[in-house]
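Below you'll find the structure, written out as structure tokens, and then a few comments.
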Number of protein chains: 2
Amino acid sequence: MTCAPPWTRPVAIILPIPVAPPVTSAVLPETEKRSETKSANVCSSSVSRGAFHSPLVDNLLSSMLTFRLGARAAREVTPIRGHRREEGQVRGTAMASEASQTGAAQESSRLEILQAAAECFEQRGFSGTSVDDVARMLGCTKGRIYHHFGSKADLFAAVFRLGMEMNFAAVEPLRHTDGPAVARLRMMAEEHVRQMVTTKSFQRVVWDGMELLMRGALTPEQRDECLRLQQSRKRYSTLFRTLMEEAKADGDLDYGDLSVATQVFFTCMNSPVFWYRPRVADLRNDQDTVIEQVVRFAMNGLGWKGE
Amino acid sequence: MTCAPPWTRPVAIILPIPVAPPVTSAVLPETEKRSETKSANVCSSSVSRGAFHSPLVDNLLSSMLTFRLGARAAREVTPIRGHRREEGQVRGTAMASEASQTGAAQESSRLEILQAAAECFEQRGFSGTSVDDVARMLGCTKGRIYHHFGSKADLFAAVFRLGMEMNFAAVEPLRHTDGPAVARLRMMAEEHVRQMVTTKSFQRVVWDGMELLMRGALTPEQRDECLRLQQSRKRYSTLFRTLMEEAKADGDLDYGDLSVATQVFFTCMNSPVFWYRPRVADLRNDQDTVIEQVVRFAMNGLGWKGE
DNA sequence: GTCTATACAGCGATAGAC
DNA sequence: GTCTATCGCTGTATAGAC
């Protein structure tokens, strides 16, 4: 402690991530650009663009259709000043009613935007990402994005919610399987971790969203909606929590305080969103290995003693 | 999946956190302001301002003294344009040499800034925090901050490094204690988690810093310094990693892949920076309980079967 | 050593052309 | 439905007063 170690030397870092200048009229021929700013194995996102466009997502998306109200990025609690619409009113022009018309095409466009947004938010976080960033990743301008989403916060919320819905869809059906509580918990954990790995970008946004939700102060009108989001999260964690209690009562698990255990358990299961980088070769097997190990760690952490 | 669950309903949220307008000439009488934007138990930071100003930190800080080079917040890899100094040159005016002069006073001021910065970065992240935010928390203007730190990135880096140094100082001495590898690992883990809880703001910044480091692309000049930071992190995790291997060889631990295990193990131990909120009453006991539980979870996760 | 004043770029958001 | 152009605020950083 007395002698200064090597890493104590004067040092400087840059933190923001370099990106290309915004698109204006210079058209990008290839759809995928920006790869030059990423180093080889630094996460070109776990899911390749095309592969992700699964029926599951389409189904989910169609049940999700609409987002109202352009939330404002105001930093004040009191009378929200800023350069956004002063009335604080509904936007997004009641998309639900339009859904019957253009339907599929519009949704497909929305989905593509969500996908790109997820990747941007994953890489730079909410405040670090500009709407231009997302547009640039899509090879278009922000006009397109603002046509579909009322604000940047709306866009983020949409990604956030889609991520949550995918989790529910994957995990909830397993809740009432047969067998002891531990076994069900294990299966659900496995499915949850699989989500983290296969839809990593979205799940990372869910994580960030939770954090923002936890510390975000709200204007009265927005409180309701935020509460609803938080409750949905709570409902999700309860799926696991109840099984944890059951399994402990059965003598299959052994942990101390339930709250602490839940927190650590989830952080554990979610951890791949921070460190997982898919290896190109043998993707499937790679993922399975990681999932298996993470689940094992998490279950052991709860005091599970094996089958 | 077919019937839309309640949380599928249209929703809107705001994400950014409201703050008071920047300080200009309106002087704040009390040093601590801004409390009105926080809800009761939402993290008024684990360490109270005064209590944190410990000899340990002072010692660490004096061995740390100097930061060179104003890192730039440029978003381009190629010729860095922007409104910062174009030479990309050294700043911070060789503070090490000045240390003998004003010494203590200057350092105390620096430390106070670091403290406030840690709390701001903890709450809003790097890009979400403005230099004005930090100044406002201190009840001063950004002039003071820019006098001590060349740029926002410099400030962040200083907080980051101080956090890391505290970890090293707490954990490294335990490396060569007597006893089996598992026992030592357990002790180190406990000390690490204690750091997470007692210096939470700083540790949260360390976490964010690691993430930024992982995905940040660099201009050639800055690559070196960044690499150094990363290596210091690596060195830290190696402290644990080697013991993990030893203990596995001893038959005291049982995990699969070392890399995955390390990642999950750390994420686990670090988790309090995300969810821990100190309860005012009986702080000490509260912390100890949390620490004990987290360590237990983490060790169990590695396949530890108890004493 | 800290404050005031100011420059200048970036970004969120809108209007209106196509 | 997407693009262009533009507005106005926010935020980083600097210069110079005190």
Side-chain angles (χ1 to χ4, degrees), chain A residues 15-16 19 21-27 70-76 80-87 91 93 95 98 101-102 105-110 112-113 124 126-136 138-156, chain B residues 14-16 19 21-27 70-76 80-86 91 93 95 98 101-102 105-110 112-113 124 126-136 138-156:
Chain A
L15 302 147
V19 295
V23 176
T24 358
S25 49
V27 201
R72 54 190 66 250
R75 316 198 84 206
E76 294 77 23
I80 308 160
R81 77 143 191 267
H83 45 88
R84 292 140 203 105
R85 45 199 139 11
E86 290 304 328
E87 336 77 41
R91 199 200 157 82
T93 60
M95 291 182 55
E98 297 177 292
Q101 303 177 13
T102 3
Q106 198 183 57
E107 254 180 72
S108 156
S109 183
R110 263 184 76 97
E112 198 191 3
I113 294 171
R124 284 185 284 285
F126 177 73
S127 11
T129 302
S130 74
V131 180
D132 271 324
D133 285 339
V134 181
R136 197 181 308 111
L138 287 164
C140 68
T141 64
K142 49 185 168 189
R144 180 173 164 204
I145 294 171
Y146 278 104
H147 177 75
H148 290 276
F149 300 91
S151 70
K152 184 175 130 176
D154 261 5
L155 178 58
F156 186 88
Chain B
I14 350 150
L15 303 146
V19 293
V23 176
T24 358
S25 50
V27 201
R72 53 189 65 252
R75 316 199 85 204
E76 294 78 23
I80 308 160
R81 77 142 190 269
H83 45 86
R84 293 139 203 108
R85 46 198 137 8
E86 289 304 329
R91 200 199 157 80
T93 59
M95 291 182 55
E98 296 177 292
Q101 305 176 11
T102 3
Q106 199 183 58
E107 255 180 72
S108 157
S109 183
R110 265 183 77 97
E112 198 191 2
I113 295 171
R124 285 186 283 284
F126 177 74
S127 10
T129 302
S130 74
V131 180
D132 271 325
D133 285 338
V134 180
R136 197 181 309 111
L138 287 165
C140 68
T141 63
K142 49 187 167 189
R144 180 173 164 203
I145 295 171
Y146 277 106
H147 177 73
H148 290 276
F149 300 91
S151 70
K152 183 174 131 176
D154 261 6
L155 178 59
F156 185 88

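These numbers come from a predicted model, not from an experiment. In what follows, chains are A, B, ... by sequence order, proteins preceding strands, each numbered from 1.
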Problem - Atom pair distance, as rounded to whole Å: CZ in B/Phe149 and C1' in C/dT2 - result: 15 Å
Exercise for the section: Any chance you could encode DNA chain D as dot-bracket? Rule is Watson-Crick or G-U wobble with both distances under 3.5 Å; [ ] for pairs crossing earlier ones, | for another strand. Expected result: ||||||||||||||||||
Practice task
Could you tell me whether the phosphate oxygens of C/dC11, OP1 or OP2, come under 4.0 Å of any side-chain nitrogen or oxygen in A/Ser127?
Solution key: no
Exercise for the section: Side chain of B/Ser130 only, please: which of C/dG12, D/dG11, D/dC3 is the nearest? Expected result: D/dG11
Exercise for the section: Take the protein atom CZ of B/Arg136 and the nucleotide atom P of C/dT2, then report the distance between them rounded to whole Å. Expected result: 18 Å
Exercise for the section: Measure the distance from OH on B/Tyr146 to P on C/dA5 and round it to the nearest whole Å. Expected result: 18 Å
Handout entry: Distance in angstrom units between A/Lys152 NZ and C/dG10 C1', rounded
Key = 11 Å
Fill in the blank from the handout: Here the distance between atom C1' of D/dT2 and atom CZ of A/Arg110, to the nearest Å, is 16 Å
Handout entry: Test side chain to side chain contact (heavy atoms under 4.5 Å, CB included) applied to B/Ser109 - qualifying residues, sequence neighbours left out
Key = B/Ile113, B/Arg144, B/His148
Problem - Value in whole Å for how far the P atom of D/dA5 lies from NZ of A/Lys142 - result: 13 Å
Problem - Expected output: side-chain A/Lys142 to main-chain A/Ser130 donor-acceptor under 3.5 Å - result: no
Handout entry: Heavy-atom pair with the smallest gap, counting every atom of A/Ala135 and A/Ile145
Key = N-CD1, 3.6 Å
Handout entry: Candidate nucleotides C/dG1, D/dT2, D/dT12, ranked by approach to the side chain of A/His148 - the nearest
Key = D/dT2
Handout entry: Spacing of CZ belonging to B/Phe149 relative to CG belonging to B/Asp154, to within rounding of 0.5 Å
Key = 8.0 Å
Fill in the blank from the handout: In whole angstroms, the gap separating P of D/dT14 from CZ of B/Arg144 amounts to 19 Å
Problem - OG1 on B/Thr141 to NE2 on B/His147, rounded to 0.5 Å - result: 12.5 Å
Problem - Which atom of B/Leu138 lies closest to which atom of B/Glu112, heavy atoms considered - result: CD2-O, 3.6 Å
Problem - Short side-chain N/O contact from B/His147 to OP1 or OP2 of C/dC3, under 4.0 Å - result: no
Completion exercise
Considering only heavy side-chain atoms of A/Ser151, the closest of C/dC3, C/dT2, C/dA13 is C/dA13
Exercise for the section: Taking only the side-chain nitrogens and oxygens of A/Thr129, find out if one of them lies under 4.0 Å from OP1 or OP2 of C/dC11. Expected result: no
Fill in the blank from the handout: note: A/Asp132, atom CG; C/dG12, atom C1'; distance rounded to Å ~ 9 Å
